[in-house]
Amino acid sequence: MSKATTQQPARRALSLLFVLQGHTMEGLRLKQIADAIRTTPSTALRDLEVLAEEGIAERIPGRDEYWRLSPRLIQLARAHELEMARHRQRLEETEQRYSRNPN
């Protein structure tokens, strides 16, 4: 099996993330998603189900044919943002400590 073949599922999963972004409220139908990532609906569904098992994508309740990104991805981004804010604060504190006039 070639390297390109073994990387296809990972590349499709990443493509799914980008296709689903910006569709949190309305979601996208499976056919729209499959067309956007240039694969069959059955392959797209299999990949979406894997993302759903990992908590990354979800079906919209009451509209099961529609898919969207789950809140878990936003939680991941927020955790990163909070970590960066903590580091910025530490850097600012260090900078203030070292830039004080000793007099």
Side-chain angles (χ1 to χ4, degrees):
M1 188 177 282
S2 73
K3 183 177 180 181
T5 303
T6 60
Q7 293 175 349
Q8 283 179 346
R11 290 184 192 281
R12 281 195 317 269
L14 290 171
S15 294
L16 285 171
L17 297 178
F18 295 122
V19 166
L20 291 173
Q21 77 179 359
H23 298 282
T24 302
M25 301 305 286
E26 299 296 321
L28 291 173
R29 287 186 170 192
L30 179 61
K31 175 90 169 87
Q32 292 172 290
I33 296 166
D35 289 347
I37 65 169
R38 297 184 182 129
T39 192
T40 64
S42 61
T43 299
L45 179 60
R46 186 173 54 245
D47 292 341
L48 285 164
E49 288 172 341
V50 169
L51 291 178
E53 288 170 9
E54 297 300 323
I56 302 297
E58 63 186 10
R59 292 176 189 258
I60 296 179
R63 300 178 71 208
D64 287 344
E65 72 272 18
Y66 289 86
W67 288 84
R68 65 182 175 194
L69 295 175
S70 75
R72 185 166 185 198
L73 220 51
I74 301 305
Q75 293 164 349
L76 176 72
R78 288 285 298 145
H80 176 75
E81 180 182 24
L82 292 172
E83 179 186 8
M84 293 297 104
R86 284 192 305 273
H87 288 293
R88 271 191 304 276
Q89 182 179 359
R90 286 180 60 200
L91 284 170
E92 288 171 10
E93 290 168 358
T94 301
E95 182 179 321
Q96 288 176 6
R97 205 172 78 223
Y98 283 94
S99 62
R100 288 187 191 133
N101 191 346
N103 297 330

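Fair warning: this is a prediction, and the values are worked out from it, not measured in the lab. The figures that follow rest on heavy atoms only: side chains count, while hydrogens, waters and symmetry mates do not.
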### Summary
Contacts of E93 meeting side-chain hydrogen bond (donor to acceptor under 3.5 Å, both in side chains) (sequence neighbours excluded), chain-then-number -> Q89
### Task
List in chain and number order the residues that pass side-chain hydrogen bond (donor to acceptor under 3.5 Å, both in side chains) with Q96, two or more places apart in sequence or in another chain; answer none if no residue qualifies.
none
## Note on the structure
Taking every heavy atom of L51 against every heavy atom of A13, the minimum-distance pair comes out as CD1-O, 4.3 Å
### Connected-component partners of Y66 among ILVMFWY, side-chain separation under 4.5 Å
I60
### Query
Can you pull the side chain to side chain donor-acceptor pair (under 3.5 Å) pairs that have at least one residue in residues 32-41, sequence neighbours excluded?
K31-D35, T40-S42, T40-T43
### Task
Indicate yes or no: at least one non-hydrogen side-chain atom of L48 is less than 4.5 angstrom from one of L20.
yes
### Message
Side chains of E95 and L91, heavy atoms from C-beta outward: is any pair under 4.5 Å?
### Response
no
Hydrophobic cluster membership, with links at side-chain heavy-atom distances under 4.5 Å among I/L/V/M/F/W/Y: are [X] and [Y] in one?
| X | Y | value |
| --- | --- | --- |
| L17 | L45 | yes |
| I56 | V50 | no |
| I74 | W67 | no |

## Note on the structure
Quick note, salt bridge (charged side-chain N to carboxylate O under 4.0 Å, His left out) partners involving residues 63-79, not counting sequence neighbours, are E26-R63, R29-E65, E58-R68, R78-E81
## Note on the structure
Across all chains, not counting sequence neighbours, the side chain to side chain contact (heavy atoms under 4.5 Å, CB included) partners of M25 are none
### Query
Roughly how far, to the nearest 0.5 Å, is CD of E83 from CZ of R88?
10.5 Å
### Query
Just how far is it from atom CD of E54 to atom OG of S70, taken to the nearest 0.5 Å?
10.5 Å
### Message
Evaluate R86 against L82 for side-chain contact (heavy atoms from CB on, under 4.5 Å), listing each step before the verdict.
### Response
CA-CA 6 Å; R86 284 192 305 273; L82 292 172; 4.1 Å; yes
